[in-house]
Amino acid sequence: MTEPLLRIAGVTAYYGNIIALRGVDLEINQGEIVALIGANGAGKSTLMMTVCGNPRARSGSIVFDGTDITAMPTHEIMRRAIAQAPEGRRIFPRMSVLENLQMGATTIGLEHFSEDLERVFTLFPILKTRAQQRGGTLSGGEQQMLAIGRALISRPRLLLLDEPSLGLAPLVVRQIFDALRELSTRDGLTIFIVEQNAYHALKLADRGYVMVNGAITIAGEAKELLARPDVRAAYLEGGAPAK
């Protein structure tokens, strides 16, 4: 049986004396899109940040591509073909779009930058027209595209996305999720997405996990989670388009 690309086993994490993750088990296979859904404050973003080494897992293990990365410093983790588009986008507002994208090559160098830049511009054409514009002057949707593009420049095997739809108009959300689907189907990119918008996340994903108070409470195929009455009642009512 093929080992998962990312295996999280029994992970706990704390902020000071407050427990944020409670023995989390989660697996992501090569080429999958996996969604983690849950209410605000459930611990979803904390889990994604723990994969990146901040906060550090207090117990349990995180294994990426056969290597235990639990105790590695963040900069070493990110050199292992993991990239993140964090919550709130966190682009460099005073830098141009092009300069922001160049920052994505920090871990791998600029040898393939021209090729990778064209790939990003093909995926998000608006960024090409904004190439010399300061990142801080972009719309929220354009900034999210820039954050994803910057992550892709590092040629990741695993892309971590934290709340990519947050604060965006439905049309822009659809554009971004269509691009993520294309990255999965065309390039075979493995994607782990944390989302409060459970409907969009589960429609995109192959599998999903539900987190409540720092613990995984439900796991399964995304289409099965979409159909479950308890998941629909807790996370989908008002989020799914009317039929």
Side-chain angles (χ1 to χ4, degrees), residues 3-16 18 20-21 24 26-30 32 34 36 43-117 119-120 127 135-136 143-164 166 180 183 187-194 214:
E3 281 293 304
L5 182 63
L6 180 72
R7 184 196 298 275
I8 298 169
V11 164
T12 63
Y14 288 74
Y15 287 116
I18 300 171
L21 299 177
V24 173
L26 185 148
E27 293 184 355
I28 303 175
N29 298 312
Q30 176 69 45
E32 276 191 314
V34 172
L36 178 63
K44 307 184 304 299
S45 294
T46 299
L47 179 61
M48 186 164 284
M49 294 304 297
T50 302
V51 171
C52 298
N54 185 24
R56 185 74 61 200
R58 184 79 62 90
S59 62
S61 65
I62 302 170
V63 176
F64 175 71
D65 196 22
T67 298
D68 191 328
I69 63 171
T70 315
M72 282 186 183
T74 297
H75 69 275
E76 288 292 338
I77 293 171
M78 306 316 283
R79 288 182 184 276
R80 292 182 171 270
I82 299 175
Q84 183 186 30
E87 183 179 3
R89 302 180 273 277
R90 299 186 197 173
I91 61 161
F92 299 98
R94 298 182 66 83
M95 287 186 178
S96 70
V97 166
L98 183 59
E99 289 167 337
N100 268 274
L101 292 172
Q102 286 173 331
M103 294 299 292
T106 302
T107 59
I108 64 168
L110 294 170
E111 181 182 356
H112 302 285
F113 181 70
S114 295
E115 175 187 344
D116 294 337
L117 185 64
R119 178 182 176 218
V120 170
L127 295 183
Q143 289 187 18
Q144 185 62 67
M145 293 174 191
L146 179 56
I148 294 171
R150 182 179 62 189
L152 293 174
I153 291 289
S154 69
R155 296 193 161 196
R157 292 187 62 202
L158 174 63
L159 177 61
L160 308 175
L161 297 171
D162 195 351
E163 303 285 4
L166 189 66
L180 296 175
L183 287 167
D187 301 340
L189 182 62
T190 307
I191 299 174
F192 181 31
I193 182 170
V194 160

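All heavy atoms count here, side chains included; hydrogens, waters and symmetry mates do not.
- With a 4.5 Å cut-off on side-chain heavy atoms, Thr67 and Met72 count as touching.
- Side-chain atoms of Thr50 do not come within 3.5 Å of backbone N or O of Ala57 as any donor-acceptor pair.
- Note that CD1 of Ile62 is 7.0 Å distant from CD1 of Ile77, once rounded to the nearest 0.5 Å.
- A 6.0 Å sphere centred on CZ of Arg94 holds no more than 12 heavy atoms belonging to other residues, nucleotides or ligands.
- Rounding to the nearest 0.5 angstrom, the gap separating the OG1 atom in Thr107 from the CE atom in Met78 is 8.0 Å.
- Rounded to the nearest 0.5 Å, atoms CG (Leu158) and CD (Gln30) are 9.0 Å apart.
- Taking all atoms of both residues into account, the shortest heavy-atom contact from Arg150 to Pro86 is NH2-CD, 4.4 Å.
- Of all the heavy atoms in Cys52 and Leu160, the pair that sits closest is SG-CD1, 3.6 Å.
- A distance of 13.0 Å separates OG1 of Thr106 from NE2 of His75, quoted to the nearest 0.5 Å.
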Quick one, Met103 with Phe92, criterion side chain to side chain contact (heavy atoms under 4.5 Å, CB included). Give me CA distance, side-chain angles, the key distance, then yes/no.
CA-CA 9 Å; Met103 294 299 292; Phe92 299 98; 3.9 Å; yes
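- Contact check for Pro4 versus Asn29: side-chain heavy atoms found under the 4.5 Å cut-off.
- Nearest approach of Ala151 to Ala83, heavy atoms of both residues: O-CB, 3.5 Å.
- Between Arg56 and Ala13 the shortest heavy-atom distance is O-CB, 4.1 Å.
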Assess the residue pair Arg155 and Glu115 against the criterion (salt bridge (Lys or Arg N to Asp or Glu O under 4.0 Å)); give the C-alpha distance rounded to whole Å, side-chain angles, the decisive distance to 0.1 Å, and a yes or no.
CA-CA 11 Å; Arg155 296 193 161 196; Glu115 175 187 344; 3.3 Å; yes
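- With a 4.5 Å cut-off on side-chain heavy atoms, Leu6 and Val34 do not count as touching.
- The two residues Leu47 and Ile8 have their closest heavy-atom pair at CD1-CD1, 4.1 Å.
- For Leu21 against Gly43, the heavy-atom pair with the smallest separation is CD2-O, 3.5 Å.
- Residues Arg119 and Asp187 have side chains in contact (heavy-atom distance under 4.5 Å, counting atoms from C-beta outward).
- The residues Arg80 and Asp65 are annotated as not salt-bridged, no charged nitrogen and carboxylate oxygen being separated by less than 4.0 angstrom.
- With values rounded to the nearest 0.5 angstrom, Leu180 atom CG is found 8.5 Å from Leu189 atom CG.
- Test Thr190, Leu5, Ile191 against Ile28 for side-chain contact (heavy atoms from CB on, under 4.5 Å) and you get one pass: Thr190.
- The closest side-chain donor-acceptor pair between Ser61 and Thr70, if any, does not fall under 3.5 angstrom.
- Taking CG of Leu101 as the reference point, atom OG of Ser154 lies at 11.5 Å (rounded to 0.5 Å).
- Using a 4.5 Å cut-off on side-chain heavy atoms (C-beta onward), Leu98 and Leu117 make contact.
- Under the 4.5 Å side-chain criterion, counting only non-hydrogen atoms from C-beta, Asp116 is not in contact with Leu152.
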